[in-house]
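Here the structure comes first, spelled out in structure tokens, and everything after it is commentary.
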Amino acid sequence: MEKSLLNIIEKNKERNIMVIGDMVADVYLEGKISRISREAPVLILEHSEERVVPGGAANVVHNIATLSGKVYAVGVIGQDYAGQELTRILASKTAETAGLLVDNSRPTITKTRVMAGGQATVRQQIVRIDKEKKEALSVESEQVVKEYIAIQIADMHGVVLSDYGSHTVSPDIMNYVITICREKDIPCIVDSRYNIMEYSGIPIVKQNESEAAAAVGYEIRDQETLLSAGKTILDKLDAKAVLITRGPDGMTLFEKQNKVTQISVTNKSEVYDVTGAGDTVVATMILALAAGASYEEAARLANFAAGIVVKKFGTATATPNELRQAVGKHFK
């Protein structure tokens with residue numbers, strides 16, 4: 001297993017991956033608390049830094065680029081600073097950003113976290129401010145996105161649908177991508193926060209435990225309900241594989257013919273921050289599948305990658321070298 005996983009890591013840089021979905025700008029406003037305001041009983045922060053980090057589907061793009069894949073970002077951003085900065089960051093990581101449509105009628109999906117702390121205190125999130133347009137894409141925007149996908153998809157070795165519920169993956173785009181990937185035998189994985197049961201025919205599904213529970217309509221509280229949920233999603237979507245991530249309990253992979261594989265976490269005692277770990281799992285898994293890995297090999301490699309990023313604060317990525325070291329250390 002060790003040799004096969006290491007070989008897969010080496011093949012990542014030869015793979016073309018398209019990521020279609022809700023591109024999110026995670027904005028961090030940093031400051032230190034100076035005093036209480038005279039205007040209201042609120043804290044006054046002295047601004048020290050503002051930075052943009054790729055989130056949502058953009059985090060999947062970032063992870064694939066960091067893992068040396070050739071990644072094509074497809075989504076919608078606004079004519080604003082957040083969109084420009086998100087494009088700049090992804091392009092600086094060698095991601096192809098021509099598929100990011102600038103729509104003047106919508107803002108870039110933005111999650112702004114106001115962070116505060118002093119020299120002798122732990123930095124804390126005070127408030128989060130979200131900005132996005134709740135309505136579906138216009139017919140014109142949807143058509144532009146679909147046309148870009150149609151031009152590029154034949155050259156892809158893998159496709160990700162990253163659906164955070166912000167309407168980039170419309171029903172028409174979803175059905176078109178699933179159909180093309182099935183026809184051309186392109187590995188295609190979906191990670192959908194709220195709408196997974198609409199993805200009928202999708203080859204590969206990734207869900208966390210709470211998302212899977214919401215999808216099947218009952219709580220996953222033990223092995224029996226976990227197995228039932230995984231099989232239900234697999235059968236109803238006619239998928240080839242379903243991966244349910246379970247936090248400290250690892251991952252469970254469901255395949256056809258009732259094949260179930262339990263994968264334990266690699267560093268249970270060293271978890272610091274799970275932010276964005278699901279995006280890392282999706283990115284690693286699609287790259288591995290595009291490189292010829294089995295579903296089990298891809299899931300195990302994704303598990304190692306998740307074990308790397310949860311030891312880092314905030315939305316993070318794993319490098320090929322970190323992945324090689326994690327695999328090598330595990331099999332010593």
### Message
Side chains of Thr168 and Asp22 only: does a donor on one sit below 3.5 Å from an acceptor on the other?
### Response
yes
### Query
Should Ile151 and Val177 be counted in the same cluster of Ile, Leu, Val, Met, Phe, Trp and Tyr side chains packed under 4.5 Å apart?
no
### Task
Check whether any side-chain N or O of Ser37 sits under 3.5 Å from a backbone N or O of Glu39 as a donor-acceptor pair, and report yes or no.
yes
#### Entry: Shortest non-hydrogen contact from Gly56 toward Asp279
O-OD2, 3.6 Å
### Task
Please determine if Lys13 and Glu10 form a salt bridge, counting it only when a charged side-chain N lies under 4.0 Å from a carboxylate O.
yes
### Message
Quick one about Thr225 and Asp222 (side-chain donor to acceptor, distance below 3.5 Å, no hydrogens or angles considered), yes or no?
### Response
yes
### Query
Would you say Glu49 has more than 12 foreign heavy atoms packed within less than 6.0 Å of its CD?
yes
### Query
Going through the distances and angles, do Arg51 and Glu85 end up as a side-chain contact (heavy atoms from CB on, under 4.5 Å)?
CA-CA 9 Å; Arg51 57 193 174 90; Glu85 189 65 3; over 6 Å; no
### Message
Please check: side-chain N/O of Gln143 versus main-chain N/O of Glu140, any donor-acceptor pairing under 3.5 Å?
### Response
no
Could you list the donor-acceptor pairs under 3.5 angstrom formed by side chains in residues 235-246, with sequence neighbours left out?
from, atom 1, to, atom 2, distance (Å)
Asp235, OD2, Lys231, NZ, 2.7
Asp238, OD1, Lys256, NZ, 3.4
Arg246, NE, Glu209, OE2, 3.1

### Query
For Leu100, does its backbone N or O pair with a side-chain atom of Thr97 as donor and acceptor, under 3.5 Å?
no
### Message
Could you check whether any side-chain N or O of Glu96 sits under 3.5 Å from a backbone N or O of Ala98, counting only pairs where one atom can act as donor and the other as acceptor?
### Response
yes
### Shared hydrophobic cluster, Val160 / Ile20 (ILVMFWY, side-chain heavy atoms < 4.5 Å)
no
#### Entry: Thr232 side chain near Leu234 side chain, heavy-atom distance below 4.5 Å
no
### Task
Hey, could you give me the CD1/CG distance between Ile173 and Leu161, rounded to the nearest 0.5 Å?
9.5 Å
### Query
With a 3.5 Å cut-off and no angle check, do the side chains of Ser141 and Ser138 form a donor-acceptor pair?
yes
### Query
Could you state the interatomic distance from CG (Leu6) to CD1 (Ile9), rounded to the nearest 0.5 Å?
5.0 Å
### Message
Treating Asn175 as the side-chain partner and Pro171 as the backbone partner, does any N or O pair qualify as donor plus acceptor under 3.5 Å?
### Response
yes
### Lys259 side chain near Phe254 side chain, heavy-atom distance below 4.5 Å
no
### Task
Would you kindly say whether Gln262 and Thr252 are connected by a side-chain donor-acceptor distance under 3.5 Å?
yes
### Message
What I want to check is whether the side chains of Thr319 and Asn321 have a donor and an acceptor closer together than 3.5 Å.
### Response
no
### Query
Do you see a donor-acceptor pair shorter than 3.5 Å between the side chains of Asp191 and Ser162?
no
### Query
Are Val61 and Ile204 joined in one hydrophobic group, where the rule is that I, L, V, M, F, W and Y side chains link up if heavy atoms are under 4.5 Å apart?
yes
### Query
Where is the tightest heavy-atom contact between Ala290 and Ile17, given as atom of each residue plus distance?
CB-CD1, 3.7 Å
### Task
State, yes or no, whether a side-chain contact exists between Val205 and Ile189 at a heavy-atom distance under 4.5 Å.
no
### Summary
Joining Ile, Leu, Val, Met, Phe, Trp and Tyr whenever any side-chain heavy atoms lie under 4.5 Å apart, the cluster holding Tyr194 also takes in none
### Verdict with reasoning, Thr280 to Asn63, per side-chain hydrogen bond (donor to acceptor under 3.5 Å, both in side chains)
CA-CA 6 Å; Thr280 301; Asn63 270 270; 2.9 Å; yes
#### Entry: OH-CZ distance between Tyr164 and Arg193, expressed to the nearest 0.5 angstrom
5.5 Å
### Query
Between the main-chain N or O of Gly83 and the side-chain N or O of Asp80, is there a donor-acceptor pair closer than 3.5 Å?
yes
### Message
Is the ring pair His330/Phe304 parallel, tilted or perpendicular, if the boundaries are 30 and 60 degrees?
### Response
perpendicular
### Heavy-atom donor-acceptor pair, Tyr218 side chain to Ala229 backbone, under 3.5 Å
yes
### Message
Test side-chain contact (heavy atoms from CB on, under 4.5 Å) on Arg128 and Lys111; report intermediate values, then the result.
### Response
CA-CA 7 Å; Arg128 194 179 95 177; Lys111 298 177 181 180; 3.9 Å; yes
### Closest non-hydrogen atom pair between Val52 and Ile89, with its separation
O-CD1, 3.2 Å
### Message
Do the side chains of Glu132 and Lys134 get close enough for a salt bridge, i.e. N-O under 4.0 angstrom?
### Response
yes
#### Entry: Closest heavy-atom pair and its distance - Gly69, Leu287
CA-CD2, 3.9 Å
### Query
Given side chains that start at C-beta, do those of Thr284 and Leu67 come closer than 4.5 Å, heavy atoms only?
yes
### Message
Is any side-chain heavy atom of Glu2 closer than 4.5 Å to one of Val327?
### Response
yes
### Task
Using a 4.5 Å cut-off on heavy atoms from C-beta on, say whether the side chain of Leu137 contacts that of Ser170.
no
### Summary
Residues at least two apart in sequence or cross-chain that pass salt bridge (charged side-chain N to carboxylate O under 4.0 Å, His left out) with Asp172, listed by chain then number, are Lys146
### Query
Between Arg300 and Glu297, is a salt bridge (Lys or Arg N to Asp or Glu O under 4.0 Å) present by the stated rule, with each step listed?
CA-CA 5 Å; Arg300 290 191 181 280; Glu297 288 171 332; over 6 Å; no
### Message
If hydrophobic clusters are built from ILVMFWY residues whose side chains come within less than 4.5 Å, do Leu86 and Tyr72 share one?
### Response
no
### Task
Could you tell me the separation between the OG atom of Ser192 and the CD atom of Gln207, rounded to the nearest 0.5 Å?
6.5 Å
### Message
Has Glu142 got a side-chain atom pairing as donor or acceptor with Val139's backbone, closer than 3.5 angstrom?
### Response
no
### Whether Thr66 side chain and Ala318 backbone form a donor-acceptor pair below 3.5 Å
no
### Task
Measure from the side-chain N and O atoms of Thr108 to the backbone N and O of Gly78, and report whether any donor-acceptor pair falls under 3.5 Å.
yes
#### Entry: Atom of Ile220, atom of Ala212 and distance for their closest heavy-atom approach
CD1-CB, 4.0 Å
### Message
Using side-chain heavy atoms (C-beta onward) and a distance below 4.5 Å, is Glu50 in contact with Glu30?
### Response
no
### Task
Decide if atom CD of Glu147 counts as having more than 12 heavy atoms of other residues, nucleotides or ligands within a radius under 6.0 Å.
yes
### Query
Nearest 0.5 Å, what's the CZ-NZ distance between Arg106 and Lys133?
6.0 Å
### Query
Is Leu29 close to His47 at the side-chain level, that is, under 4.5 Å between some pair of heavy atoms?
yes
### Query
Taking atom CD1 of Ile153 and atom CG of Asn16, what is their separation to the nearest 0.5 Å?
12.0 Å
### Query
Do Met23 and Val144 belong to the same hydrophobic cluster, where Ile, Leu, Val, Met, Phe, Trp and Tyr are linked whenever their side-chain heavy atoms lie under 4.5 Å apart, directly or via other members?
no
## Note on the structure
Of all heavy-atom pairs linking Tyr199 and Val169, the shortest is OH-CG1, 3.4 Å
